[in-house]
Amino acid sequence: MIEKSNRLTTSWGAPVGDNQNSQTAGQRGPTLIQDVHLLEKLAHFNRERVPERVVHAKGAGAHGTFVVTNNEISKYTKADFLSEEGKTTPMFIRFSTVAGELGSADTVRDPRGFAVKFYTEEGNYDLVGNNTPVFFIRDAIKFPDFIHTQKRHPQTHLKNPTAVWDFWSLSPESLHQVTILMSDRGIPATLRHMHGFGSHTFKWVNAQGQAVWVKYHFKTNQGVKNLDVDLAAKLAGENPDYHTEDLFNAIEAGDLPSWTLYVQIMPIEDANTYKWDPFDVTKVWSQKDYPLIEVGKMTLDRNPENYFAEVEQATFSPGTLIPGIEASPDKMLQGRLFSYADAHRYRVGANHNALPINAPKCPFHNYQRDGQMRFDGNGGNTVYYEPNSFGGPTESPEAKVTPFEVEGMAAEHSYSHDDHFTQAGDLYRLLTEDERTRLVENIVGAMKPVEREDIKLRQISHFHKADPEYGARVAEGLDLAVPVN
Ligand code: NDP
């Protein structure tokens, strides 16, 4: 007799007699449908994958802690986890590439996802950012089209540079992010050697109900390091999981990566007068205008026990907010408030927030019931509607959203600013001569396969508007002339 604690069972707990041979009618006869262990085993295997994320499919994750290092930050937000110096909050992070599939190579040129879940005492807070401070587009309505260009061609099933540059050249708001992507920082050396950004503007509200706009910057304490393009290409072939492996091994060896979190704070009224629209995610706020203020330190100290349970099933949404932190009118953020949670309902299921990796670590009570894969007590024999006279969970009026004024006509509005060139040019001008040379080489290499000259010329004129030298060098590399407008 095998000890019950160590015996192989079916998923319904019955002991398995033979896990090597299926039941057949005689030694050479067909397999019997009565072999329910075999049927269950094969059927479950067919269902081992959840749909991979349409974007950010390839990822690596780790657990850690966030410690507040600035006692002053609570004057801007009542967020409980930022309330006092030394306050420590457990967190989980998932890094990812954007365009590639689950098995794709880590060392490609792509933005990196930088998604943090803080398990605070007032509920979970997700900061679902990237390793870049800006994004390619600034209205969520363009997101599916943009991602189509990053994915495979419907006929050839190949990546399609013509579509990529056609879309970018027709969406000049992408220029700033394209410049970052094509710069050295487009291929980080490891996940540990890159910054993280909340990218969008959010609203912080303090205990007195006063609000400010905020942007988040996680600065790597390992220093920024990037990969040489030839080495990156070699690694993509030899070890496509290079970044995943590096992160796991560093944490396993006790070489714990950390980031210092800073914020930029903008007074609410500045949004009407600042030289840039602060809700346009294709623009940064100059740090000369809004200096970085230290908030705390994030340290990753524990690898997942199980990749699927913790990394694949982790669900992050920019709408996973807590009192003291609210959305801004950023049109890209507003769309993501819907699309991220919706992706997880489709991918992991309606009860994804009940999974251990996603569940709050503080007490939580709501009136949601039933749904696929409801694996907890489903609220038990307690009151299942609200309002009620039976002592069920009640509202916290202090957690209401801060009132804000809106004005104007309902319509398909664009942003008030259309200068997509100055900040991309500022970045170009901030680079050293060697960095500029590599930037131009990367762009030229990426644009060469574009099949239509008009697309190349349209894009060159954007680089030229950012900085005449930038445009001229890309044009020269492509054997073209900067178009005269
Ligand atoms: P600042 O001089 O105040 O800040 C420059 C910023 O650029 C720093 O955050 C620095 O981060 C970052 N940086 C330095 N070298 C590079 C590089 N090779 N690639 C990408 N980022 C780099 O200037 P401004 O705030 O006025 O911004 C000027 C330009 O800097 C912007 O147009 C933008 O493209 C870029 N930038 C701005 C950020 C911001 O929040 N204002 C954030 C990131 C980039 P670090 O030295 O820590 O690496």
Side-chain angles (χ1 to χ4, degrees), residues 109-112 114 127 129-138 168 172-202 212-229 232 257-266 270-271 274-295 297-298 328 330 417-443 462-463 465-467 469-470 473:
R109 185 172 301 285
D110 205 9
R112 298 310 191 270
F114 196 104
L127 190 53
N130 279 334
N131 69 333
T132 59
V134 293
F135 196 59
F136 297 96
I137 51 171
R138 53 184 182 165
W168 283 344
E173 68 270 31
S174 61
L175 190 67
H176 193 186
Q177 174 82 327
V178 168
T179 303
I180 296 177
L181 178 67
M182 292 294 157
S183 78
D184 290 344
R185 296 191 186 193
I187 316 181
T190 81
L191 300 169
R192 300 177 292 128
H193 292 91
M194 63 185 197
H195 297 328
F197 300 89
S199 305
H200 300 290
T201 295
F202 293 88
V212 290
W213 304 117
V214 62
K215 275 196 188 288
Y216 296 84
H217 302 243
F218 286 97
K219 295 255 188 190
T220 171
N221 292 328
Q222 291 65 245
V224 168
K225 261 204 221 162
N226 307 301
L227 272 184
D228 165 78
V229 285
S258 69
W259 285 258
T260 303
L261 175 63
Y262 298 86
V263 286
Q264 288 176 287
I265 299 279
M266 179 187 283
D270 282 20
Y274 189 49
K275 58 188 176 189
W276 300 104
D277 186 330
F279 310 122
D280 174 349
V281 69
T282 64
K283 310 294 181 298
V284 293
W285 306 349
S286 173
Q287 293 169 33
K288 295 168 198 92
D289 300 331
Y290 300 99
L292 298 181
I293 302 169
E294 186 173 322
V295 177
K297 186 177 174 191
M298 173 174 83
S328 78
D330 175 332
H417 296 70
D418 260 336
D419 173 2
H420 307 306
F421 309 103
T422 302
Q423 290 203 0
D426 288 344
L427 179 58
Y428 181 79
R429 290 181 283 274
L430 174 147
L431 302 179
T432 63
E433 175 54 29
D434 284 353
E435 288 174 331
R436 289 183 193 185
T437 301
R438 288 192 294 271
L439 168 72
V440 169
E441 279 172 8
N442 293 334
I443 291 172
H462 297 330
F463 292 130
K465 282 185 203 148
D467 192 289
E469 179 194 292
Y470 189 10
R473 290 176 73 172

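Remember, it's 1-based here, ligands and their atoms both numbered in the order they're listed. Hydrogens, waters and symmetry mates play no part in the numbers below; they use all other heavy atoms, side chains included.
The ring pair (Phe, Tyr, Trp, His ring centres under 6.0 Å) test with Trp213 singles out one residue from Phe202, Trp285, Phe279, and that residue is Phe279. The only option from Asp289, Asp270, Asp280 that meets the salt bridge (Lys or Arg N to Asp or Glu O under 4.0 Å) definition with Lys275 turns out to be Asp289.
Residues Glu294 and Thr260 have side chains that never bring a donor and an acceptor to within less than 3.5 angstrom of each other. Side-chain atoms of Asn221 and Ser258 form a donor-acceptor pair, as typed in the model, at a separation below 3.5 Å.
In this structure, Leu430 counts as a contact residue of ligand 1, since one of its heavy atoms falls inside 4.0 Å of the ligand. Within the structure, the closest approach of Lys215 to ligand 1 does not fall below 4.0 Å when heavy atoms are considered.
Note that atom 27 (O) of ligand 1 has no protein non-hydrogen atoms nearby, at separations under 4.0 angstrom. Within a 4.0 Å radius of atom 36 (N) of ligand 1, the protein has no heavy atom.
In terms of protein heavy-atom proximity, atom 3 (O) of ligand 1 is nearest to Gln287 CB, 3.4 Å. The single protein non-hydrogen atom nearest to atom 33 (C) of ligand 1 is His176 NE2, 3.4 Å, given as residue, atom name and distance. Scanning all protein heavy atoms for the shortest distance to atom 44 (C) of ligand 1 gives Pro133 CG, 4.0 Å. Ranking protein heavy atoms by distance to atom 47 (O) of ligand 1, first place goes to Lys219 NZ, 2.5 Å. Remark: minimum distance from atom 18 (N) of ligand 1 to any protein heavy atom is reached at Leu431 CD2, 3.2 Å. Protein heavy atom in closest approach to atom 23 (O) of ligand 1: Lys288 NZ, 3.1 Å. When hydrogens are left out, the protein atom nearest atom 41 (N) of ligand 1 is Trp285 O, 2.9 Å; that is the closest non-hydrogen contact. The nearest protein atom to atom 31 (C) of ligand 1, hydrogens excluded, is given as Val284 CG2, 3.8 Å; this is a heavy-atom distance.
Using modelled atom types, one side-chain atom of Gln264 and one backbone atom of Tyr290 make a donor-acceptor pair closer than 3.5 Å. Side chain of Thr201 to main chain of Ser328: no donor-acceptor pair is present (N/O by atom type, distance under 3.5 Å, no hydrogens or angles). A distance-only check finds a donor-acceptor pair linking the side chain of Asn442 to the backbone of Met182 [under 3.5 Å].
Taking 4.5 Å as the limit, every side-chain heavy atom of Tyr262 sits out of range of all side-chain heavy atoms of Gln287.
Listed by number with element, the atoms of ligand 1 under 4.0 Å from a non-hydrogen atom of Gln264 are 40 (O). In summary, the atoms of ligand 1 found under 4.0 Å from a heavy atom of Asp426, numbered by their order in the structure, are 32 (O). Numbered from 1 in the order shown, with element, the atoms of ligand 1 that lie under 4.0 Å from a heavy atom of Gln423 read 32 (O), 34 (O).
Rounding to the nearest 0.5 Å places CG of Leu175 at 6.0 Å from OH of Tyr470. Atom-to-atom distance recorded for Ile187:CD1 and Arg109:CZ is 4.0 Å, nearest 0.5 angstrom.
Closest approach of Lys215 and Ser199 over heavy atoms only: NZ-O, 2.8 Å.
Considering both main-chain and side-chain atoms, Arg185 comes within under 3.5 Å of ligand 1 through a nitrogen or oxygen pair. By the 3.5 Å distance cut-off applied to N or O atoms, Ser183 is not counted among the residues near ligand 1.
Contacts of Val134 with ligand 1, taken as heavy-atom pairs under 4.0 Å, are absent altogether.
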